[in-house]
Amino acid sequence: MNYIFNIGRYWLFMKQLVARPEKFSIYWKQLVRELDNFGYGSMGIVALTSVFMGAVITIQTVYNLVSPLVPMTAVGIVARDSIILEFSPTMMSLVLAGKIGSSIASEIGTMRVTEQIDALEIMGINSSAYLVLPKIVAAMLIFPFVVIISMFLGIAGGWIAGVGAGVISSEIYIRGIQDSFVPYNVTFALIKTVTFAYIITTVSSFYGYYTEGGALEVGQSSTKAVVYSSILILVFDYILTQLLLT
Amino acid sequence: MIEVKNISKSFNGRPVLENISMQFDKGKTNLVIGGSGSGKTVLMKCMVGLLEVDAGEIVYDGNNFSSLSFKERKPFRQDIGMLFQGGALFDSLNVEKNIMFPLNMFTNMTLEEKRERVNFCLQRVNLVNVNQLTPSEISGGMKKRVAIARAIAPNPKYLFCDEPNSGLDPKTSIVIDNLIKEITEEYNITTIVNTHDMNSVIEIGDKIVFLFQGKKEWEGTADDILKTEHRELNDFIFASKLAKALKKQS
Ligand SMILES: Nc1ncnc2c1ncn2[C@@H]1O[C@H](COP(=O)(O)OP(=O)(O)OP(=O)(O)O)[C@@H](O)[C@H]1O
Ligand SMILES: [Mg+2]
């Protein structure tokens, strides 16, 4: 019952975002702020996770590659494809859901419980659009760049780990990552990323916007934001893979 | 002048306001008093359109506000200033930008003019040199004053204050009360103040309305209120020992 209520409310919330447009100028500053916040602000964690993820994938692939029939270039191919297809878009989105989702929900939730949203409404501002639209647009614009950087760093991390540990030579790894490259995989990854950006920002904003009560409820909203964004990311990861890769 | 005509409001079937009618005059400080949970905030939010009434009308100087859509209410919003119970300053903006916010929304002033207006409003609430501080860097009383400055910045015709002096020391309370009354008279504003502070009632109340469990139980002036025989109102105003002692003396 509660689920159905929330789904209905979510769609009404989405409708509200576009129902009462304001003058564009008031969104601009917000957009720039969010671009900086989502892009530059998440570089640290993204770089860290990407490098380690690439390293682990590479070492694991080498470890599993026991058959002498499979050439060592397979390591580069496997690392590249798993990073591009799944790890960078999906895992980075999960990481960002934790980082950005919780901050969106607690920011908007705090504004709700301290009546700042009422203060916006009283000035005739469509508070949901004003607070949420710039976040959605910023995330959909900047996440693809973040994910592309993550792909590079992941592949580089694989090289560092593989070559550093002496389990694969630099030349073979590089030949591997150049071998039978499918550009469509990157397109597919970016489609996923944009979808996940939309999920993270709207779901988190939704839980923040409908917070009722006080500080405790703000905390609960931010937990819910992360949990439900993550679940939806996994579900849509599966759906999009079915739709676009088969 | 604002007229409230037979409004009712309930949440999930639980009535919070029942058939309330009242009238607030221009240039007067109108007080709505009542215990915690009596419905003061809900009434105020209904009046400014943050909550929709279930029945009845809110009329601003002859214009039926409650029947208008969000868009149609826009011209009225410029004339409405509201001070929220907790101040509701925007955390991400400094004091100056907070006060400028409604000016950006409603006016085409240049940055210079806006700065001037901000400084004027800050002076009006007895604050100087706080322009660049963020809300987290100023005290509770200062927040209230900045919030008043923000509310009066666009020259509102109607000023709503939800418990302007809750959480303030008695002296600052009186300063803020007097400030509200002064502004009201100086700019001929229709002002409505929610409070449960008896000092305010005696100090600044031109007209007083008493809410009890969502109903309007009494209305009158500050002089009337001390002589009232109304039981719940008496219990409310003479709740403290100090007030009882004063009553005996007089
Ligand atoms: N959004 C809401 N949903 C459900 N009930 C509400 C809501 N807002 C207020 N109420 C209920 O309405 C009643 C009146 O609340 P209101 O906030 O108007 O009281 P108040 O007179 O302002 O009290 P206080 O002096 O403590 O601020 C309370 O019982 C409250 O529980
Ligand atoms: Mg209240």
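Computed from a predicted structure; not experimentally measured. Chain identifiers are assigned alphabetically (A, B, ...) following the order of the sequence lines, protein sequences preceding nucleic acid strands; residue numbering begins at 1 within each chain.
To the nearest 0.5 Å, the span separating CE on Met111(A) from CZ on Phe90(B) amounts to 6.0 Å. Rounded to the nearest 0.5 angstrom, Arg73(B) CZ and Ile122(A) CD1 are separated by 11.0 Å.
Chain B forms more heavy-atom pairs under 4.5 Å with one residue of Thr114(A), Ile117(A), Leu120(A) than with any other, namely Leu120(A). Ranking Asp91(B), Ile80(B), Leu89(B) against chain A, the residue ahead of the rest is Asp91(B), based on heavy-atom pairs under 4.5 Å.
With a 6.0 Å radius and a threshold of 12 heavy atoms from other residues, nucleotides or ligands, Lys97(B) has its NZ atom at or below the threshold. Within 6.0 Å of NZ in Lys28(B) there are 12 or fewer heavy atoms belonging to other residues, nucleotides or ligands. By the 6.0 Å contact criterion, NZ on Lys157(B) is open, its count of non-hydrogen atoms from other residues, nucleotides or ligands being 12 or less. Surrounding CD of Glu112(B) are at most 12 heavy atoms belonging to other residues, nucleotides or ligands under 6.0 Å away. Counting non-hydrogen atoms of neighbouring residues, nucleotides and ligands closer than 6.0 angstrom, the CD atom of Glu186(B) exceeds 12 such neighbours. Around atom CD1 of Ile45(A), no more than 12 heavy atoms belonging to other residues, nucleotides or ligands sit under 6.0 Å away. For Tyr187(B), the OH atom sits in a packed shell: over 12 heavy atoms of surrounding residues, nucleotides or ligands are nearer than 6.0 Å.
Contact residues of residues 130-140 of chain B toward chain A are absent (heavy-atom distance under 4.5 Å).
Residues Ser92(B) and Arg33(A) are in side-chain contact: their nearest non-hydrogen atoms beyond the backbone lie under 4.5 Å apart. A heavy-atom distance below 4.5 Å is found between the side chains of Met123(A) and Arg150(B).
In this structure, Glu115(A) contributes its side chain and Gly87(B) its backbone to no donor-acceptor pair below 3.5 Å.
Residue pairs satisfying the ring-ring contact (aromatic ring centres under 6.0 Å, His included) criterion with at least one member in residues 210-243 of chain A, sequence neighbours excluded, are listed as follows: Phe13(A)-Tyr210(A), Phe206(A)-Tyr210(A), Tyr207(A)-Tyr228(A). Residue pairs satisfying the ring-ring contact (aromatic ring centres under 6.0 Å, His included) criterion with at least one member in residues 88-116 of chain A, sequence neighbours excluded, are absent.
Ala197(A) pairs by the side chain to side chain contact (heavy atoms under 4.5 Å, CB included) definition with Ala139(A), Met140(A), Phe143(A), not counting sequence neighbours.
Contact annotation for Gln85(B): both backbone and side-chain heavy atoms come within less than 4.5 Å of a heavy atom of chain A.
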